[in-house]
S.K.: 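Could you have a look at this structure, given as C-alpha cells, before my questions?
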Amino acid sequence: MNAIFKKELKSYFYSPIAYVLIGLFLLVGSILFFVFNLASAYADTRWIFMNGIFILVLMIFSSVLTMRILAEDRKNGSEVLLLTSPVNIVSIVVGKYLAALVVFLIMTAITFVYPLITFAFDAQFTAEIIGGYIGFILLGASFLSVGVFASSLTENQVVAVITSFVMLLIMWIISGVSGYLGGTLAKVLNWISLLSRYDDFNRGILNFGSIVYYLSFIFVMLFLTVRVIEKRRWSQG
Amino acid sequence: MIEIKNLTKRYGQITAVNNLNFTVEKGEILGFLGPNGAGKSTTMKIITGYISSTEGSVKVNGYDIMENPREAKRSIGFLPEQPPLYLDMTVYDYLDFVSDLKSVDKKKKAGQIRDIMELVKIGDHKGRLIKNLSKGYKQRVGLAQALIGNPEVLILDEPTVGLDPKQIIEIRKLIKALGNEHTIILSSHILPEVSAVCERVVIINKGEIAAVDTPENLSKGLGDSSRLSITIAGPKPSIISSIKEIYGVKYVEAGAEREKDAFTYIVESDKNVDVRRPIFYAMAKAGYPIIELKSLSMSLEDIFLQLTTEEKEVEA
C-alpha cells in the first residue's frame with residue numbers, strides 16, 4: 001500500500017495536474033474570500049465553504065483529481081502489474097485513494113490562510129472554524145471516494161470524470177427530492193445525500209453520528225470499488 | 001513448479017480456454033505455441049492471477065493462485081503482451097516502484113535494480129522517461145520489471161514482439177541464460193523462436209492442447225511419412241512413373257525446374273521404408289542422373305499448421 005501511495009502522490013506532482021488544481025481551487029476560494037470577507041468587511045470565513053459555488057467547485061475538482069486514478073492503469077496496461085504483484089486489491093485502492101486525499105488536504109490546508117488573515121483584523125478564533133474545516137475535509141474525502149469508484153468503472157478518463165460529477169450532483173440535489181417522498185426510499189436517499197449533514201459542522205456542532213456517517217460512506221464507496229475490480233477479473237478474458 | 005489442472009475459462013458464450021492440463025518442472029523453459037486467439041494470453045493471465053479461471057486450478061511453487069495469491073504471486077514475474085509501464089516515470093523510478101511493490105528488501109533494492117538493468121542492457125537509459133524509449137527498450141524495461149524480486153517463475157507473453165532481429169537474438173539468448181535459474185513459460189506464435197529457446201513445447205489451439213513434446217520429437221515423430229526432395233535430370237513423365245513403381249513411395253510431385261531439363265521432385269514415402277537406394281538404382285538404370293537428394297524433416301512450422309488445421313477439419 002505504501003509503495004502505491006507514494007507513487008501516486010509523486011505522479012500528481014510530476015504532472016501539472018496537482019499544481020493546476022490547487023492553483024485554481026485557491027483562485028476560486030480567494031475570489032470568494034475577497035467578496036464575502038474582505039470587500040464586505042465580514043470576519044466569518046465559513047461562508048466560503050458553505051457557499052454553493054465552492055461546493056460545486058469541490059465536486060468538479062475531486063472528480064478531476066480522481067478520474068485517472070484507476071482508469072489510466074486499465075487503459076495503459078499497468079493494471080496488470082498491480083494485480084499480479086503480491087499486493088491485494090484493497091491496498092491498491094486505499095493507497096491510491098489516500099494519495100488523492102493528501103492532495104486535497106494540501107489544497108484545504110492552504111485555505112487556512114483566509115481565517116488567519118481575518119485574525120489579523122482582530123477576528124476571533126472560534127470553534128466553528130475548526131468544525132467547518134473538519135466538515136469540509138470529510139465532505140471532500142467523501143467526494144473523492146465517489147471519484148475513485150467512478151474511475152474503477154471505465155478505462156476512459158472522460159467517462160470517469162463525468163460519471164463522478166453526475167453522481168455527486170445527484171447526491172447533492174437528492175435531499176430535496178427525499179422530502180417529497182417519505183418512507184424507506186426517503187431514508188435511502190437521505191443516506192446518500194452527502195450535503196444534508198454538512199451544515200452541522202459549520203454551526204460548530206461536532207456530531208459524532210455525522211463523522212461516522214461520512215467515514216462509513218467512504219468505506220462503502222471504496223468497498224464497491226474493490227468489488228468492481230474483483231468482478232472484472234471473473235468476467236474478462 | 002507450475003501445475004495446471006483442468007483449467008477452463010469462459011466468458012459469456014465464449015470458451016477461451018478449455019480443460020488445459022500440463023505441468024512445468026523446475027528450471028524448464030516451456031514454449032507456449034499457438035495461433036493468435038488460441039488462448040495463450042488468457043492462460044498466462046490466469047497463471048499469474050490477473051484474471052480468474054472459471055474452473056480448474058493453478059499451482060505455482062506449491063501455492064494455489066486463487067487461495068494463496070500473495071505467496072503464489074511472490075514467485076512469479078510476468079511480462080504481459082503489452083509491457084505494464086508507467087510512461088511518465090523514468091526507467092529507474094519505475095523499477096524502484098516495482099521493487100517496492102514486490103517488497104524487495106530496502107537494502108538490496110538498489111543493487112538488484114542495477115544488476116537487472118545491466119542484464120537487460122538498459123543501464124544507459126535509467127534516467128529517461130519511459131515514454132521516450134523505443135519499442136525495443138520498452139520491452140526490455142518490461143522484462144526488467146518481471147525480473148525484479150528474483151522470482152522463481154517467469155511468464156513471458158510474446159517477449160520478442162516488436163524488436164528488431166538483432167534485439168530478438170539478444171533477448172532469446174538472455175531468456176536462455178535466465179532458464180538456468182528460473183522456470184520459464186514463454187508464449188509465441190513464431191516457431192523458430194520456440195525451437196531455439198524452449199526445451200518443451202505445448203501447442204495450443206482454440207483453447208485446447210494440440211500437442212506437448214520437445215521441439216525435436218515434434219518435428220520427428222509427427223505424421224507417418226517421410227519426405228525427400230530429389231532433383232533429377234530427364235523427362236518428367238517417365239521419371240514420375242518409375243518412382244511411383246518403387247515399393248513404399250506414396251506420392252510424387254514435380255516441382256520447379258532447377259537446371260535445364262532437371263526438375264525437383266518431392267517424394268513422400270512410408271516412414272518405415274527407406275526409398276533412397278531403390279530410387280538411385282532405378283534412376284541409374286534408366287539413365288537419369290540424380291543431381292541432388294535430401295531428406296526433408298518436417299519443420300515445426302509444418303507440424304504447427306498440420307495440428308492447428310486438422311483440428312479445424314474435425315470441428316467442421
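The chains referred to below are lettered A, B, ... by the order of the sequence lines, with proteins before strands, and numbering in each begins at 1.
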S.K.: Count the heavy atoms belonging to other residues, nucleotides or ligands that lie under 6.0 Å from CD1 of A:Ile53, then report whether that count exceeds 12.
M.R.: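 Check fails, neighbour count at 12 or below.
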
S.K.: Would you mind reporting whether B:Tyr86 and A:Lys7 have side-chain heavy atoms less than 4.5 Å apart?
M.R.: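 Side chain of A:Lys7 against side chain of B:Tyr86, heavy atoms only: contact under 4.5 Å found.
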
S.K.: When heavy-atom pairs shorter than 4.5 Å are enumerated against chain B, which of A:Leu83, A:Asn2, A:Ile4 gives the highest number?
M.R.: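 Heavy-atom pairs under 4.5 Å are most numerous for A:Leu83.
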
S.K.: Taking CD in B:Glu118 as the centre, count heavy atoms belonging to other residues, nucleotides or ligands within less than 6.0 Å. Is the count above 12?
M.R.: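 Open: at most 12 neighbouring heavy atoms sit under 6.0 Å from CD of B:Glu118.
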
S.K.: Given heavy-atom pairs under 4.5 angstrom as the criterion, report whether the side chain, backbone, both or neither of B:Val98 touches chain A.
M.R.: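 Contact with chain A: side chain only.
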
S.K.: Chain A heavy atoms under 4.5 Å from B:Ser53: which part of the residue, side chain, backbone, both or neither?
M.R.: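 Backbone of B:Ser53 only, per the 4.5 Å heavy-atom cut-off to chain A.
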
S.K.: Take a 6.0 Å sphere around NZ of B:Lys109 and say whether it holds more than 12 heavy atoms from other residues, nucleotides or ligands.
M.R.: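 Atom NZ in B:Lys109 is crowded, with more than 12 foreign heavy atoms closer than 6.0 Å.
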
S.K.: Does atom OH of A:Tyr213 have more than 12 heavy-atom neighbours, drawn from other residues, nucleotides or ligands, at distances under 6.0 Å?
M.R.: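 Correct, the count exceeds 12.
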
S.K.: Can you find a pair of side-chain heavy atoms, one from B:Leu101 and one from A:Leu82, that are under 4.5 Å apart?
M.R.: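 Yes, side chains in contact.
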
S.K.: Between B:Arg70 (side chain) and A:Val87 (backbone), is there a donor-acceptor pair under 3.5 Å?
M.R.: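 Absent.
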
S.K.: Which pair of non-hydrogen atoms, one from B:Pro84 and one from A:Leu81, has the smallest distance, and what is that distance?
M.R.: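 The pair with the smallest heavy-atom distance is CB-CB, 3.7 Å.
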
S.K.: Under a 4.5 Å heavy-atom cut-off, does chain A meet the side chain of B:Gln145, its backbone, both or neither?
M.R.: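 Interface part for B:Gln145: side chain.
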
S.K.: Is the shortest side-chain heavy-atom distance between B:Asp88 and A:Tyr14 below 4.5 Å?
M.R.: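 Of all side-chain heavy-atom pairs linking A:Tyr14 with B:Asp88, none is under 4.5 Å.
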
S.K.: Does any heavy atom of chain A fall under 4.5 Å from the side chain of B:Asp93, the backbone, both, or neither of them?
M.R.: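 Only the side chain of B:Asp93 comes within 4.5 Å of chain A.
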
S.K.: So which heavy atom on B:Asp100 is nearest to which on A:Lys6, and how close?
M.R.: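 The answer is OD2-NZ, 3.9 Å.
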
S.K.: Is it true that atom CZ of A:Phe219 has more than 12 heavy atoms of other residues, nucleotides or ligands lying nearer than 6.0 Å?
M.R.: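 At most 12 heavy atoms, drawn from other residues, nucleotides or ligands, come within 6.0 Å of this atom.
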
S.K.: By a 4.5 Å heavy-atom criterion (distance strictly below it), what part of B:Pro69 contacts chain A: side chain, backbone, both, or neither?
M.R.: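 No part of B:Pro69 comes within 4.5 Å of chain A.
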
S.K.: Counting C-beta onward and ignoring hydrogens, is there a side-chain heavy-atom pair between A:Pro86 and B:Lys102 closer than 4.5 Å?
M.R.: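 Heavy-atom side-chain distance check passes, below 4.5 Å.
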
S.K.: Of the backbone (N, CA, C, O) and the side chain (C-beta and beyond), which part of B:Tyr50 lies under 4.5 Å from a heavy atom of chain A, both, or neither?
M.R.: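 For B:Tyr50, backbone and side chain are both near chain A.
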
S.K.: Are there over 12 heavy-atom neighbours, none belonging to B:Phe22, within less than 6.0 Å of that residue's CZ?
M.R.: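 It does: B:Phe22 CZ has more than 12 such atoms within range.
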
S.K.: Heavy atoms only, distances under 4.5 angstrom: which of A:Ser85, A:Ser15, A:Ser11, A:Ser91 has the most pairs with chain B? Name it, please.
M.R.: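 It is A:Ser85.
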
S.K.: To the nearest 0.5 angstrom, please state how far the CZ atom of B:Arg10 sits from the CH2 atom of A:Trp234.
M.R.: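 Reported to 0.5 Å precision, the distance equals 12.5 Å.
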
S.K.: Is it the case that atom CZ in A:Phe13 sees more than 12 heavy atoms from other parts of the structure closer than 6.0 Å?
M.R.: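 Enclosed.
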
S.K.: With rounding to the nearest 0.5 angstrom, report the NZ to OG1 distance, B:Lys45 to A:Thr84.
M.R.: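 Separation between the atoms: 11.5 Å.
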
